[in-house]
*Asks:* 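One structure coming up, written as structure tokens, with questions to follow.
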Amino acid sequence: MDVGPRAPGPQARAGSHSRAPGAATRAQFTSAHSAEDQHRSALQGLIQGRVLLLTICAAGIGGTFQFGYNLSIISAPTWHIQEFTNETWQARTGRPLPDHLVLLVWSLIVSLFPLGGLSGALLAGPMAITLGRKKSLLVNNVFVVVAAILFGFSRKAGSFEMIMLGRLLTGVNAGVSMNIQPMYLGESAPKELRGAVAMSSAIFTALGIVMGQVVGLRELLGGPQAWPLLLASCLVPGVLQLASLPLLPESPRYLLIDRGDTEACVAALKRLRGDRDVARELEEIEEERAACQGRRIQRPWELFLDPALRRQVTSLVVLGSAMELCGNDSVYAYASSIFLEARVPGEKVQYATIGTGSCELFAVLVSCVVVERVGRRVLLIGGYGLMICWGSIFTVALCLQVAGGMGQWLAQVCFPPHPPHCLLQSSFHWMPYLAMSCIFAFILSFGIGPAGVTGILATELFDQMARPAAYVVCGVLMWTMLFLVGLGFPFIRESLSHFLYVPFIGVCICGAIYTGLFLPETKGKTFLEISKELHRLNLPRPAQGPMWTSPKVITSTGL
């Protein structure tokens, strides 16, 4: 009786069941398709992020890493190279070289590095324009290859002149890379990451310093027989860059603004960003190209004559000089003697020195992470402010260490005519440890602010037509100051004694004040927005007539 009424039921249920799977399948397909799209988008974003990360690493390993590495490895084989110089001269002439001439040759070996850096800084601008940013970094490795060959065979050839020439060539390599690498990375990064990406140059510099200190240990390549290999080891980072950088894109801004190659620019942006942001960023680069219409690449000396660049050039000169004159390099030079006074065993000083380089590396990494959150001005002012604090404490600690210092004076005043010996001891024994702590704190403060942020200025404050010339000025200034500080520090130390850090503290004060009063914040702004703001600050009156009429492709030729 129940069978009849239920007969159509299975068909109806079958029909409804046959329709339900279709709807469910479509829903599942849509959901699966959406999930697949999300997964593909996330995967694409990860791949694009990896391309940018690989670009940073490939540019840095053969770029500013070489500067830090060659700057630090030369300290380990000091006595071995001096002994080799004396032996070579004796083999040639039959008599030993006088001690003062041995020191003169050694001073030339050391000072030829900044001299080569100055030459490289002058080459960097024309190379960046004629060859492009990426090709310039690749061609720059020729200097390293030749230098490594000279270093490696100098002992067999019995020629300390080969060491001198090799140091000159490594300096040229460092001078070129110190200018072109931040330019290349700053132009390749999106605006929200531009500061952090540009600061990676400082990270690789600090990493090079630490690696040079580690490789230069006596247990590795710092021994009396291995120093030619130590100097020639700069070939390894160069080979790594030659193998990796050709696979990565050129600067999109260079391709469009300087070369006028829209297709290559779009292809480079897609590899670095993905399709999502290409159109918007391409439009912004087109606007900057339009703003550069009718203008040519500026020469370094023209920057000082252009009233529209007055604030940019002043900021570059003042803060670039402050970074080199703030005393950080002198802290490295003074560290070994402070460690010895703090009763660190002589054979362990080399390990304590590695700690100084590690402090700067750590601080620069922290600064790179927070720069896009707190801004450039805060890091610069905070860094210089902390350096003023620690430099002052360091000066007080040195004063209290020297020949009884203030502690002995107080003891004699309070307990004439025979001050207690225990009071004299308690006034001095902990001062070397305070001075050693100040060294680490000073280097940390330098890494947080000036070490990384100063290198961004030439990228962000100047437009595409002035940027290569700005890096030439920045490079010449940096290497000149580095040479002068290295030359003058022994005389400053001799004349000022324990007050040697007072001039450096004054420089830090000037850097902090200038940053607070005159340096504009560039965080999160496009190059065109920064340029317009600086134009308004430099020229308050509106310009008479339009500055340009229509977009036009500008092909750069040379400085």
Side-chain angles (χ1 to χ4, degrees), residues 61-89 91-92 97 101-124 127 136-179 204-205 208-209 211-216 220-242 475 479 482-483 486-487:
I61 192 64
T64 53
F65 179 89
Q66 290 278 29
F67 165 69
Y69 188 75
N70 287 290
L71 192 67
S72 63
I73 62 171
I74 196 62
S75 61
T78 299
W79 301 111
H80 308 317
I81 294 178
Q82 290 183 6
E83 185 179 359
F84 167 71
T85 301
N86 192 27
E87 291 174 355
T88 301
W89 186 264
R92 292 177 184 177
L97 192 64
L101 292 181
V102 172
L103 291 177
L104 176 62
V105 173
W106 171 249
S107 300
L108 287 173
I109 290 173
V110 174
S111 61
L112 280 173
F113 182 73
L115 182 61
L118 179 60
S119 304
L122 294 173
L123 288 174
M127 287 178 66
S136 295
L137 290 174
L138 291 172
V139 172
N140 190 36
N141 287 288
V142 172
F143 300 112
V144 169
V145 172
V146 177
I149 294 173
L150 291 172
F151 289 143
F153 291 97
S154 59
R155 186 174 212 163
K156 289 186 177 180
S159 173
F160 58 83
E161 294 86 356
M162 294 173 66
I163 302 176
M164 298 169 67
L165 182 57
R167 286 289 292 176
L168 180 68
L169 293 177
T170 55
V172 174
N173 171 270
V176 172
S177 62
M178 288 287 288
N179 284 7
F204 279 97
T205 299
I209 291 174
M211 288 300 299
Q213 292 170 341
V214 172
V215 175
L220 297 177
L221 295 180
Q225 303 300 322
W227 62 263
L229 292 177
L230 174 63
L231 298 181
S233 60
C234 62
L235 180 64
V236 176
V239 171
L240 291 175
Q241 186 177 73
L242 287 171
W479 289 104
L482 187 65
F483 178 77
L487 187 66

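This structure is a prediction, so every number in the text was calculated from the model and none was measured. In this chain, numbering begins with 1 at the start of the sequence shown.
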*Asks:* Does a side-chain heavy-atom distance below 4.5 Å link W106 with I74?
*Replies:*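 When only atoms from C-beta onward are counted, I74 and W106 do touch, with a gap below 4.5 Å.
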*Asks:* Can any side-chain N or O of R167 pair as donor or acceptor with the backbone N or O of N70 at less than 3.5 Å?
*Replies:*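 Yes; at least one donor-acceptor contact below 3.5 Å.
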*Asks:* Is there a donor-acceptor pair closer than 3.5 Å between any side-chain N or O of R155 and the backbone N or O of Q225?
*Replies:*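 Here the side-chain-to-backbone pair exists.
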*Asks:* If every non-hydrogen atom of G175 is compared with every non-hydrogen atom of A124, which pair is closest and at what distance?
*Replies:*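 It is O-CB, 4.5 Å.
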*Asks:* Show your reasoning for whether side chain to side chain contact (heavy atoms under 4.5 Å, CB included) applies to L168 and F143.
*Replies:* CA-CA 9 Å; L168 180 68; F143 300 112; over 6 Å; no
*Asks:* Nearest 0.5 Å, please: how far is CZ in F67 from OG in S177?
*Replies:*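 With rounding to 0.5 Å, OG (S177) is 9.0 Å from CZ (F67).
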*Asks:* Can you measure from CD1 (I209) to CD1 (I73) and round to the nearest 0.5 angstrom?
*Replies:*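 Separation between the atoms: 12.0 Å.
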*Asks:* Give the minimum heavy-atom separation between Q213 and S72, together with the two atoms involved.
*Replies:*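 Answer, listing the atom of Q213 first, then S72: N-OG, 3.7 Å.
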*Asks:* Please confirm whether the backbone N or O of T170 pairs with a side-chain atom of Q66, one donor and one acceptor, at under 3.5 Å?
*Replies:*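 The answer is no, because no donor-acceptor pair under 3.5 Å joins these two groups.
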*Asks:* Identify the two heavy atoms, one from A232 and one from G152, that lie closest to each other, and give their separation to 0.1 Å.
*Replies:*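 In terms of heavy atoms, the two residues are closest at CB-N, 4.1 Å.
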*Asks:* To the nearest 0.5 Å, what is the distance between OG on S107 and CG on L112?
*Replies:*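 S107 atom OG to L112 atom CG measures 10.5 Å (nearest 0.5 Å).
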*Asks:* What pairs with E161 under salt bridge (Lys or Arg N to Asp or Glu O under 4.0 Å), at least two apart in sequence or on another chain?
*Replies:*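 Listed in chain order: R92.
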*Asks:* V105 and Q82: side chain to side chain contact (heavy atoms under 4.5 Å, CB included), yes or no, with the steps?
*Replies:* CA-CA 8 Å; V105 173; Q82 290 183 6; over 6 Å; no
*Asks:* To check you understand the geometry: which heavy-atom pair defines the closest contact between A76 and G216, and what is its length?
*Replies:*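 It is CB-O, 3.3 Å.
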*Asks:* Could you measure the distance from the CD1 atom of I81 to the CG atom of N86? Nearest 0.5 Å is fine.
*Replies:*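 Taking CD1 in I81 and CG in N86, the distance rounds to 14.0 Å.
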*Asks:* What's the separation between atom CD1 in I149 and atom CG in L165, rounded to the nearest 0.5 Å?
*Replies:*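 Atom-to-atom, I149:CD1 and L165:CG are 11.5 Å apart.
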*Asks:* Let me see the working for I163 and T85 under side chain to side chain contact (heavy atoms under 4.5 Å, CB included), right down to the final yes or no.
*Replies:* CA-CA 10 Å; I163 302 176; T85 301; 5.9 Å; no
*Asks:* Minimum heavy-atom separation for Y69 and L230, please, with both atom names.
*Replies:*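 Y69 and L230 have their closest heavy atoms at OH-O, 4.3 Å.
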*Asks:* Below 30° counts as parallel, above 60° as perpendicular, anything between as tilted: where do the rings of W227 and F84 land?
*Replies:*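 Aromatic pair W227/F84 classed tilted.
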*Asks:* For L137, is there any backbone N or O sitting under 3.5 Å from a side-chain donor or acceptor partner on N141?
*Replies:*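 Judged by distance alone, yes, a pair lies under 3.5 Å.
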*Asks:* Are F113 and L482 packed together at the side-chain level, in the sense that at least one heavy-atom pair is separated by less than 4.5 angstrom?
*Replies:*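 The answer is no; the side chains never approach within 4.5 Å.
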*Asks:* Of all the heavy-atom pairs spanning W479 and P114, show the shortest one and how long it is.
*Replies:*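 Smallest heavy-atom distance, with atoms named: CE3-CA, 3.4 Å.
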*Asks:* Check whether any side-chain heavy atom of M211 lies under 4.5 Å from a side-chain heavy atom of F65, and answer yes or no.
*Replies:*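 When only atoms from C-beta onward are counted, F65 and M211 do touch, with a gap below 4.5 Å.
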*Asks:* Excluding sequence neighbours, so at least two apart, what forms ring-ring contact (aromatic ring centres under 6.0 Å, His included) with F151?
*Replies:*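 F151: no ring-ring contact (aromatic ring centres under 6.0 Å, His included) contacts found.
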*Asks:* Would you call L150 and V146 a side-chain contact if the rule is heavy atoms closer than 4.5 Å?
*Replies:*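 Yes. Closest side-chain heavy atoms under 4.5 Å.
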*Asks:* Quick one: CG on L220 to CG on L229, what's the gap to the nearest 0.5 Å?
*Replies:*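 With rounding to 0.5 Å, CG (L220) is 12.0 Å from CG (L229).
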